[in-house]
Each structure stands twice: as C-alpha cells, then as structure tokens.
Student: 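Provided herewith is a single structure, encoded as structure tokens, for subsequent inquiry.
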Amino acid sequence: MSEKKSIKADVSPVRHLSGIWLVPLVALIIGAWMLIHYIDNQGPVITLRLQTAAGIEAGKTEIKARNVKVGVITHVQLSKNYNYIIATAQMNKDATRMLTEDTLFWVVKPRIGREGISGLETLLSGSYIELQPGVGVKKKEKLNFTVLETPPVAGPDAKGTRVVLTYPEAGKLSVGDPVLYEGFTVGRVEKISFDPSTKEANYQLFIFQPYNKLLHSRTRFWLNSGVDLSMSAEGFNLKIGSMESLISGGVSFRVPKGSDEGYPITKQNVHFKLYNNLQDVREQMYDQYLPYVMLFNESVRGLTVGAPVEYRGIRIGTVEKVPLRVMNSNDQSFINSKIPVLVHIELGRMIHHVNHKSLEELKASLAKEFKLGLRATLKTGSFLTGQLFVDAEISPNKTLPKTIEYDGYNVFPTETGGFSEMQKQVSTLLNKFNQLPIEKTVTTLNETLATSKKALASTNQMVKDLNALLDKKSVKNMPNEVRESLQQIQETLRGLSPQSAPYHKLEEALTHFNQVMKEFNPVLKQLNEKPNSLIFSGEKPQDPIPVGGK
C-alpha cells in the first residue's frame, strides 16, 4: 500500500473595501468644490470710510444694490487719529464691475426729510449700506470709498444738467433743497462747498431732464424763501411759494421777462451767480445808468434806497443813496443847506420809451429836457407806509438852477412838492381866510337885519293905509284900472309883511349865519396860531420826566 502525501493549501484572506469610506470621501470632494466655488465667487475687499458706526455690525450689516445683496461688512475699526470709522467689506464677484470711480455708498436707515419718511424697513432688519453702481466700463476700478451721510440727489446715470451757483455767504441752501421753475420742482441741490481762494460758497444743482432745456445763458437764479414780504413806495407785496419751499426754501430760476434768452446750456457745471430775490435780478438788468444828484430843501423822511424814480408813472431810475453824504464844517449853514440824494437814471428802463442806445445820447437828451423844465419832486407812494418816491415832471418854471454839479455828480433839477407844497398851499389859504373881515361882516348883517325890520314895519303901515283908502266910496268909484293897480300893489306889499314866508326865511337865515360865525371863531383862532393843524394832530404829549426811585 502506497503512502499518500498530504497537500496543504495556502490560504490568504481577501480584503474588501468598505462602503463606509465613501462618505468622507464624497464630503471631502464636496467641501473642496464648495471652497473652490466660494473662492471663485469672492469679489474684491473694499474699504469704506464713515463718520460714525451707528447701525453697522461686522458680519451682519449687508451691502445691497437695488435690494440685492452684493457684499457684507467684515470688520469695523477706528482710524489712527480717531476722526472717522474704517469698515472693511467683502464684495461678491458680480459686484466687481460696479466698483468704479463714481460709485456711491450711503447708509440706509429711518429718515424724516423734506420728501417724507424713508427707510422704515430697517427698523426690523437693521441698517444696511446701499451701493449705487458707477457707469462706464472704461472707468478705473476703485476699492476705497467715502460713505455719504445722505442719499445722493441724482446718481451718475441720471439724465440732466449740473450747474454751480456762487454766493458770498454759506448756509443759504442745503442738500436736497428744491430747484423751482415757475413754482414747479425741476431739480435739487446736490452738493455744497466753499472755495477759499474766491471766498465764495458753491452750490451744485442738478436739473433733471427734460427740464434742463430751460437753462440758457441769460438764466438767472435767486433764493426762494417761500414767503416774500416787501414794503416799498408801492405798498405791501406778499408772495407765497409752494408748501415745500415754505419749509425748506430753495432756489428758483428763469430768464427775466423782457430779456433775451441767449444760447442753451449744454455743458456740465456752468457757473451762475445766485441772487437774494427776484427784485435783485430785475435790478441787475439795468447795469447801465447815469448818476445824478437831486438837492431837496424839504424832509426826505420815507425816501429809502431802492425807491423808484418815475416820469408820469413810468419808472426811469432808482434811488441809490439817501443822503449822499453827511454835512461837514465846510458846508453852508444847516438851515439853508439842501439834502443831496444820489439816483441812477437807467438806460435799460428808458430804452423802451425813447430811442437812445447809449448813455451819451441819454445824457444829451436829459440836458435838453432840463432846459424845457424837467424837474424832480418828492411824492407819497403809500399813505399807509409813508414811503416816498421821486417823480419827474415838466414844470412851468424853466429857470435852470445855479448848481449844476455836486461832489462830482451832475445835478438833476428839483422843486418843492408833496406834503411841503400842500402844507404851504393850505397855510396860504388859511391866512387869506383869516384876513377876511368876518366880524365886520356879521355886524353889518345885523344892522341890515334891523333896518329891514324897520322897513317892513313901515311897509305894513302903508298896507293898512291903502286898505283904508280902498274902502272909501270915492276910491271905489274910481276907474277899474286904477283900482286894480292899487290891489296889485297891496298884494305885493303883503308879501313883505312880518307874517309872510320870505320875511321868516330871511330872518331864520340871518340868525343861523350869526350862530355859525360865533362857533367858527375858535377854529379861526386855532388856524391862526397853528396853520398845519388841519393835517397834523394837535399838541404832542410831553416827554416823561424821569424821577429817582425811593
């Protein structure tokens, strides 16, 4: 029997990969993909400069564009000198093209402004930073920005025209104030700055399209206070603007009426001058004028700078200075001196009435008019305000004054007028009336009345005698013609008897006249002592005499 060999097999364990390991592998792959996607979607890191960090929190405050999140604030810190806040923000990749030189940022929070209440949604969600993208692909990328304190009036993509107004003082306008044309809001004040070199404030306005077509080279801008109350020789003038202008004021513009519009404004940031009001705009239209001095020998109380100089109701100039200068020791006596008033006769006002195109022609024409009797007088423009104005008129007195120049100015001839002339005429009238022999006339009338009574008594006796005569038979037998004549005479004499109506009327008239003249005697005495008492009040109250306290 053969011996069997044992064969031993080599057994090796089979290693199988467990499916549990697929989970971290997939997670690792997904994480790597997310990291790559996150890094690929990350935009640039920008730096924002703010005045305060109110409402700004790192990791929470978002940056939005048209209410779409485009970034988030990652870090907030103070500047080195503690003057402002530096906020770092991580922007999305899509926001890269928005960050150019004219990109604007501002904080959105609840605000109460001229246009109403805004930002109420941030009461629950918190404040966020609004991004207004810049325009233009070719503009350089920018990563450092200053956050505006208020929302911009108009963004870089807004259509319209920007103009700059210059004014000697700051504080006349605020950002967001309305720009009005005939009371309609057509723009806003966009920016305010001060130029140290010119020492003037610059107000940048934005006029929205299509209202920017209203801008011309002769356009004038003036402050609009909402309520414009002026008091002049013409009386009171009250103008009320829109409700918004009543609250915040604003600025208005237009081409002055009667002026050429000029060429349209198409360029940006054209400079204009800002005027106080529309009246100043109108006055600046008449920059060509002839200065004259008017010498008045009456009171100039009520004559103010800006009062009109008129000719038959048509304005031809303006009062510039009242008085021209103060008297000094070299002048004549105070009583005999006249008050000098500087006026401007403006070519722009005269050119609509006379065919003069230059100041030389106007000056020669006025010299001829002076020889013909053109004189200036003071007149009252308003009895309510007491304001005076200068009125020029042709006077019958054609004698030229001896003074033709005063302090280097040509003299405009004057004559007394207004209240002084009226008071003089009233005084003259009262003097003549006072010189009438009133008392002598009353005495004469009384004597005449007594004589008339005697005459009427004699006439009455005559009537009685005629009646007795007519009753006689011899008279009755007279011809009818004679009897009728005597009867007519009798009737006539009866009309003059004391019982007749004419006699009573004459007696009543003389008695009433005598009573009126007695009552009028105190008035005549008052007018004799103070002729101007008809115009002005009587005695002024005496000034109080101060006395020492206990």
Side-chain angles (χ1 to χ4, degrees), residues 49 51 81 83-84 101-102 104 106 114 142 144-156 158 160-181 185-208 211-226 228 241 245 248-256 259-289 291 305-306 318 320-321 342 344 346 348:
R49 176 174 173 173
Q51 292 296 324
N81 53 6
N83 291 335
Y84 54 90
E101 294 177 343
D102 52 1
L104 300 177
W106 67 92
R114 302 177 181 89
K142 186 178 179 180
N144 297 314
F145 301 92
T146 299
V147 179
L148 302 177
E149 296 182 4
T150 58
V153 173
T161 303
R162 289 179 171 86
V163 296
V164 179
L165 307 183
T166 60
Y167 192 79
E169 300 177 9
K172 294 297 182 180
L173 295 172
S174 302
V175 174
D177 283 351
V179 180
L180 306 176
Y181 183 88
T185 302
V186 298
R188 295 282 174 181
V189 178
E190 190 175 35
K191 188 187 299 183
I192 300 174
S193 61
F194 186 79
D195 190 351
S197 60
T198 60
K199 297 180 180 179
E200 290 182 334
N202 295 326
Y203 301 97
Q204 180 175 303
L205 313 183
F206 186 83
I207 311 299
F208 299 102
Y211 309 113
N212 56 348
K213 296 180 181 179
L214 300 172
L215 294 171
H216 294 81
S217 59
R218 297 291 182 87
T219 298
R220 296 294 180 266
F221 293 81
W222 65 91
L223 294 172
N224 185 15
S225 61
D228 184 11
S245 63
S248 62
V251 57
S252 298
F253 75 95
R254 75 160 184 251
V255 177
S259 176
D260 184 19
E261 291 185 347
Y263 55 87
I265 299 297
T266 57
K267 297 180 179 181
Q268 297 288 339
N269 297 322
V270 177
H271 284 66
F272 290 89
K273 182 180 178 181
L274 178 62
Y275 295 91
N276 286 321
N277 47 52
L278 182 58
Q279 183 65 26
D280 288 349
V281 173
R282 292 171 178 170
E283 295 302 325
Q284 292 297 326
M285 294 175 58
Y286 309 109
D287 52 357
Q288 290 185 298
Y289 56 84
V305 175
T318 305
E320 288 296 318
K321 194 172 183 181
L342 179 63
H344 288 174
E346 295 149 344

Student: For Val164, run the side chain to side chain contact (heavy atoms under 4.5 Å, CB included) check against Leu274, Asn269, Val270 and tell me which one passes.
Tutor: Asn269

Student: Quick one: CG on Leu165 to CG on Leu223, what's the gap to the nearest 0.5 Å?
Tutor: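 Here the interatomic distance stands at 9.0 Å.
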
Student: Which residues satisfy the salt bridge (charged side-chain N to carboxylate O under 4.0 Å, His left out) test with Arg254, sequence neighbours excluded?
Tutor: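 With sequence neighbours excluded, Arg254 shows a salt bridge (charged side-chain N to carboxylate O under 4.0 Å, His left out) to Glu182, given in chain and number order.
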
Student: Can any side-chain N or O of Arg162 pair as donor or acceptor with the backbone N or O of Phe206 at less than 3.5 Å?
Tutor: no

Student: Is there a side-chain contact between Val189 and Ser174 in this structure, where contact means two heavy atoms from C-beta onward sitting under 4.5 Å apart?
Tutor: no

Student: With sequence neighbours left out, write down each residue that passes side chain to side chain contact (heavy atoms under 4.5 Å, CB included) with Lys191, or none if nothing qualifies.
Tutor: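 If we apply the side chain to side chain contact (heavy atoms under 4.5 Å, CB included) test to Lys191, skipping adjacent residues, the hits are Gln204.
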
Student: Can you check whether Lys172's main-chain N or O pairs, donor with acceptor, with Tyr203's side chain at less than 3.5 Å?
Tutor: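 Indeed, once roles are kept as given, a pair shorter than 3.5 Å links the two residues.
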
Student: Hey, could you give me the OH/CD distance between Tyr167 and Glu200, rounded to the nearest 0.5 Å?
Tutor: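 Result: 11.0 Å between the selected atoms.
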
Student: How long is the straight-line distance from CG of Leu215 back to OH of Tyr263, given to the nearest 0.5 Å?
Tutor: 12.0 Å

Student: Have a look at Val251 and tell me which of Asn224, Leu180, Leu173 forms a side chain to side chain contact (heavy atoms under 4.5 Å, CB included) with it.
Tutor: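 Among Asn224, Leu180, Leu173, the one that satisfies the side chain to side chain contact (heavy atoms under 4.5 Å, CB included) with Val251 is Leu173.
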
Student: Calculate, to the nearest 0.5 Å, the distance between atoms CZ and CG belonging to Arg188 and Leu205 respectively.
Tutor: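 If we round to the nearest 0.5 Å, Arg188:CZ and Leu205:CG are 11.5 Å apart.
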
Student: Within a strict 4.5 Å, meaning less than it, do heavy atoms of the Phe208 and Thr185 side chains meet?
Tutor: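 Result no, sub-4.5 Å side-chain heavy-atom pair not found.
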
Student: At their closest point, which heavy atom of Val281 faces which heavy atom of Pro256, and how far apart are they?
Tutor: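 Smallest interatomic distance, heavy atoms only, reads CG1-CG, 3.8 Å.
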
Student: Has the side chain of Thr161 got a donor or acceptor atom that lies under 3.5 Å from a matching backbone atom of Ile207?
Tutor: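 Absent.
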
Student: Tell me, do Thr166 and Thr198 make a side-chain contact under 4.5 Å, heavy atoms counted?
Tutor: no

Student: Of all the heavy-atom pairs spanning Glu101 and Lys142, show the shortest one and how long it is.
Tutor: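 The pair with the smallest heavy-atom distance is CA-CD, 4.2 Å.
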
Student: Are the side chains of Trp222 and Asp280 in contact, using a 4.5 Å heavy-atom criterion?
Tutor: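 Not in contact.
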
Student: Any idea how His344 and Tyr289 line up, ring-wise: parallel (<30°), tilted (30 to 60°), or perpendicular (>60°)?
Tutor: parallel

Student: Counting only N and O atoms by type, is there a donor-acceptor contact under 3.5 Å from the side chain of Gln268 to the main-chain atoms of Gly160?
Tutor: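 Checking the backbone N and O of Gly160 against the side chain of Gln268, a donor-acceptor pair under 3.5 Å is found.
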
Student: For residues Val163 and Phe221, report the shortest heavy-atom separation together with the two atoms involved.
Tutor: CG2-CZ, 4.2 Å

